[in-house]
Colleague: 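Below is one structure. I have some questions about it.
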Number of protein chains: 2
Amino acid sequence: MKLDTYSQATAEINENEALKDAGEQTPKEFFAKKCDGSKKEDTKHGVCPLRELLSRLGDKWSVLLILTLARMPKERARFSELKRSLPDISQRMLTATLRNLERDGLISREMFAEVPPRVEYQLTELGVSILNPMRDIVNWIEGNWTTIITSREVFDQKHPKEVESELQ
Amino acid sequence: MKLDTYSQATAEINENEALKDAGEQTPKEFFAKKCDGSKKEDTKHGVCPLRELLSRLGDKWSVLLILTLARMPKERARFSELKRSLPDISQRMLTATLRNLERDGLISREMFAEVPPRVEYQLTELGVSILNPMRDIVNWIEGNWTTIITSREVFDQKHPKEVESELQ
DNA sequence: CTGAATCCTTAGTGATACTG
DNA sequence: CAGTATCACTAAGGATTCAG
């Protein structure tokens, strides 16, 4: 199997490859061994939870919520603060997203028996630990965003028929 | 602003923090400066494209498709090969997902004027370059998956009412 | 203040049939 | 072989109202 082409390409683009602790493998080797995702059942017994968690992270608010909490003092805020920081989110979605993240153990919820009630949410240790890989993704997106935008424009030029994606 | 708590927490979980090239900043500092995502308009002028691309990556097939191509020789395969590798995907979704990824410049499409027709898809340099950050996410998920599963079980125990998430 | 409950709209996805 | 077109279904998300 020819890995030369790949290694060369990544060497040009990602200079920090060799630094990762799992980085002795190329991503190609790494991915070759897991998560072929060919069958639904793989998701069931946890072989490929990637898609499941990615789709959660990919929902409309989870990541923004994590980032919002990350910026708060002690990574902690109450419901109304979060609502203020994310004006576009509906109350319904804020509640639901917080609930899902709490279920996954990324945030904790502390309720105070006061009146009026007060509830505080905080990134857990686990939630904090995802900030690092998340930063790498953000870095990648930032670094390649103009490339992507340009690529889209070129593509849309070549395919004048209506584009089904209404993004951008 | 107290970063001590944060630094301590990540030091325990993520030992490779200091290795990243952007790693002089803690993620907290990093995220503080960008992508507050408070208003929709931020998405428009590209301040916070994070959500947009994440939701694309978070769709049902994009990541699996990228990983599938990553495992192919020269990160290249034709339509029917991809269909075979992802038996659960419908033709419609395979076409659409490939199209979106091509539009974003992550894969390239080469069509051969033969009969019967043959079309080959390949990860572009850009597409290959996302494999590294993607691997970090996969690593994180793998490393913390049992924790998440456990957290969910505990949560569901405490909240016996029907859970709206049908995952797992 | 922090939700839960309800209703409603729409985007995402799949099944099927058809075509160059 | 590699798609497009059409239809139907589901789940995600938003608006609004109610409640502890």
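Throughout, a chain's letter reflects where its sequence line sits, starting with A, and its residues are numbered from 1. Computed from a predicted structure; not experimentally measured.
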Colleague: To the nearest angstrom, how far is L94(B) atom CG from dA15(C) atom C1'?
Modeller: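 Spelled out: CG on L94(B) to C1' on dA15(C) is 15 Å.
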Colleague: Mind checking whether R118(B) and S80(B) have side chains closer than 4.5 Å, heavy atoms only?
Modeller: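 With C-beta onward as the side chain, the pair stays apart.
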Colleague: Toward the 5' end of DNA chain C, which comes first, S90(B) or R109(A), by nearest nucleotide?
Modeller: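 The residue whose closest nucleotide sits nearer the 5' end is R109(A).
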Colleague: If you pin M93(B) and M111(A) to their nearest nucleotides in DNA chain C, which one's is more 5'?
Modeller: M111(A)
Colleague: Tell me whether the side-chain N/O atoms of Y121(A) come closer than 4.0 Å to OP1 or OP2 in dG3(C).
Modeller: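 True: Y121(A) side-chain N/O within range (under 4.0 Å) of dG3(C) OP1/OP2.
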Colleague: Are L69(A) and M111(A) linked, directly or through other ILVMFWY residues, by side chains that come within less than 4.5 angstrom of each other?
Modeller: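 Yes, one cluster joins them.
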Colleague: Closest to the Q91(A) side chain: dG3(C), dA2(D), dC1(D)?
Modeller: dG3(C)
Colleague: With respect to E120(A), which candidate in K74(A), R76(A), R78(A) satisfies the salt bridge (Lys or Arg N to Asp or Glu O under 4.0 Å) definition?
Modeller: R76(A)
Colleague: Taking only residues two or more places apart in sequence, or in another chain, which ones meet R92(A) in a salt bridge (charged side-chain N to carboxylate O under 4.0 Å, His left out)?
Modeller: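 Checked R92(A) against salt bridge (charged side-chain N to carboxylate O under 4.0 Å, His left out); zero matches.
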Colleague: How long is the line joining CZ of R99(A) and P of dA5(C), in whole Å?
Modeller: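 For the pair R99(A) CZ and dA5(C) P, the rounded distance is 9 Å.
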Colleague: Hydrogens and angles aside, do D59(B) and S62(B) bring a side-chain donor and acceptor to less than 3.5 Å of each other?
Modeller: yes
Colleague: Which whole-number value in Å describes the distance from L54(B) CG to dA12(D) P?
Modeller: 17 Å
Colleague: Both R92(B) and R92(A) contact DNA chain D. Which one's nearest nucleotide lies toward the 5' end?
Modeller: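 Between the two, 5'-proximity favours R92(B).
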Colleague: Can you find a side-chain donor-acceptor pair between N132(B) and R135(B) that sits under 3.5 Å?
Modeller: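 Distance-only check passes for N132(B) and R135(B).
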Colleague: In this structure, how many angstroms lie between the P atom of dT13(C) and the CH2 atom of W61(B), rounded?
Modeller: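 W61(B) atom CH2 is separated from dT13(C) atom P by 9 Å.
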Colleague: How long is the line joining CG of L82(A) and C1' of dG3(C), in whole Å?
Modeller: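 Distance, rounded to whole Å: 14 Å.
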Colleague: Send over the distance from L86(A) CG to dG14(D) P, rounded to a whole Å.
Modeller: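 Taking CG of L86(A) and P of dG14(D), I get 11 Å after rounding.
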Colleague: Does dG20(C) have OP1 or OP2 sitting under 4.0 Å from an N or O in the side chain of R118(B)?
Modeller: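 The answer is no; no side-chain N or O of R118(B) sits under 4.0 Å from OP1 or OP2.
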Colleague: Note the angle between the end axes of the helix from dC1(C)-dG20(D) to dG20(C)-dC1(D), five pairs defining each, rounded to 10 degrees.
Modeller: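 Axis angle across the helix from dC1(C)-dG20(D) to dG20(C)-dC1(D), nearest 10°: 40°.
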Colleague: Are S80(A) and dT2(C) close enough that a side-chain N or O sits under 4.0 Å from OP1 or OP2?
Modeller: yes
Colleague: Can you find a side chain N or O atom of K60(B) that sits less than 4.0 Å from OP1 or OP2 on dG14(C)?
Modeller: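 Checking dG14(C) against K60(B), a side-chain N or O does come within under 4.0 Å of OP1 or OP2.
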Colleague: Report the distance from atom CD of E52(B) to atom C1' of dA11(C), rounded to the nearest whole Å.
Modeller: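 It works out to 15 Å between those atoms.
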Colleague: Looking at E52(B) and R152(A), is any side-chain nitrogen of the basic one under 4.0 Å from a carboxylate oxygen of the acidic one?
Modeller: yes
Colleague: What is the separation between atom CD1 on I89(B) and atom P on dG14(C), rounded to the nearest whole Å?
Modeller: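 So the two atoms are 7 Å apart, to the nearest Å.
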